[in-house]
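Note that ligands are numbered from 1 as they come in the structure, with each ligand's atoms numbered from 1 the same way.
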Amino acid sequence: MKKFAMLVLIAASVRAADDPDYTRQIRQFTTGPQFTTELVDHLPASSKVPTPLQFLGYIAGAENHLTYAEDVYRYMRAVEAASPRVKVFSIGKTEEGREMIAVAVSNELTIANLDRYRDITRQLADPRKISDEQAQKLIAEGKPIYYATGAIHSPETGSPEMLMELVYRLAVEDTPLVRNIRDNVIFLTTPVLEADGRDRQVDLSRYRLQNPKLPTPPLIYWGHSVAHDNNRDYMGLALALSRNVLKAYFDFHPQVIHDLHESVPFMYVSTGTGPYNASLDPIMVDEWHRMAWHEVQEMTRRGVPGVWTWGFYDGWAPNYMFWTGMGHNTIGRFYETFGNRFPSTENRVVRGASDREWYRTNPPLPTVKWSLRNNVNYQQSGLLLALSDMADRRQHFLEQFWTLSKRSVAKAITEGPAAWVFDGAQKRQGQLRDLMTLLR
Ligand SMILES: [Zn+2]
């Protein structure tokens, strides 16, 4: 038995299609074989497209390395220059003038015809303008768009690293699973939402490495002038990042928008405890559950501990970036993975979340040695499973988007409210005008 296992191991490590150095480092920075999956425990080699290791000098999730927003963008543009499967868009500037980008990945033909696919989701978003017959034709032709956003919260540092590797993998890897994603889905990502805060967080990480004996100062703000509440801003659109994402949303009309957060161990997939927001269509809430349990089951089946759902967030409060889409019939969801904030490997104690619950039958371990690469492995495996599910259900996601849009427009007649009335004679005219403008 032992001999057989050894042979399998050797066969796996000399797979010709893999980049040997990158793959070796993935294993080096993963603290145990249970903290990864066959989807991300290697990196395919490419003679054309640069890996993060070739471009930056370190792999995604390497000990002691975090990447500035601008370097993430330079990497994405290097991949774009080398691959017809990738396209980078500038989506605006932050308060401090840093750029924000969106990166699209799909097969060559889809990327070459991206404008056509964007036009299809745009038309499906507005049932007042096309007929059911026209919609069915668009659904048959179209490709659903999955929009993943990274680093909204600056101390949650893993997602930009992970998204560079995921973009490379989606562009290069030739497994049936990745090919299926490339052929049926358009993956879209903004790798750094809070670019101002990200850069200061990377500064702090470098300061900490250079001054190991001194306390590392905290971030005063997580962006230019806001901390954790930057993902509560969809309601007011006071921040450049919210307005930029809203604009990107209307440029693409994605069917799923997915925020990447880091807090609870090891990976929480959103459904929320309820009570669910009554303004959301029940079909949307059911879809949260179907998608979440798919990822929980697929990760658990692979022997990965601590992937769970339900017991975090209520599903009522519009306080995540994904509400940008959820108010427009897009499925909004998020992960909370286990982050160390700084890119060091730490011995961590897991308290309440290591308890078994009905929604957490395979709980996180009570104590664990945890690395940035573990975090990258969980996020990326989860996203690949979600994208694979979308690829298997290409028409379902487009059809559902159309159905939700139709039901949303019908709501004014079927259940209301059909209109809000504002008393024009009230005292605070300026605030009344601001509210009307915001609603419009
Ligand atoms: Zn967060």
Neighbour count >12 (heavy atoms, 6.0 Å) for atom CZ, R433 | no
For the residue pair K143 and N107, establish whether any side-chain heavy-atom pair is separated by less than 4.5 Å.
-> yes
Of R360, M299, R356, M267, which meets side-chain contact (heavy atoms from CB on, under 4.5 Å) against W308?
-> R360
Contact check: H228 to the Zn ion (ligand 1), N/O/S below 2.8 Å = no
Looking at the Zn ion (ligand 1), is one of the N, O or S atoms of E156 less than 2.8 Å from it?
-> yes
Shortest-distance N/O/S atom, H153 versus the Zn ion (ligand 1) | ND1
Worked verdict on M390 versus I331 for side-chain contact (heavy atoms from CB on, under 4.5 Å) | CA-CA 12 Å; M390 182 181 257; I331 307 293; over 6 Å; no
Identity of the N, O or S atom of H261 lying closest to the Zn ion (ligand 1) = ND1
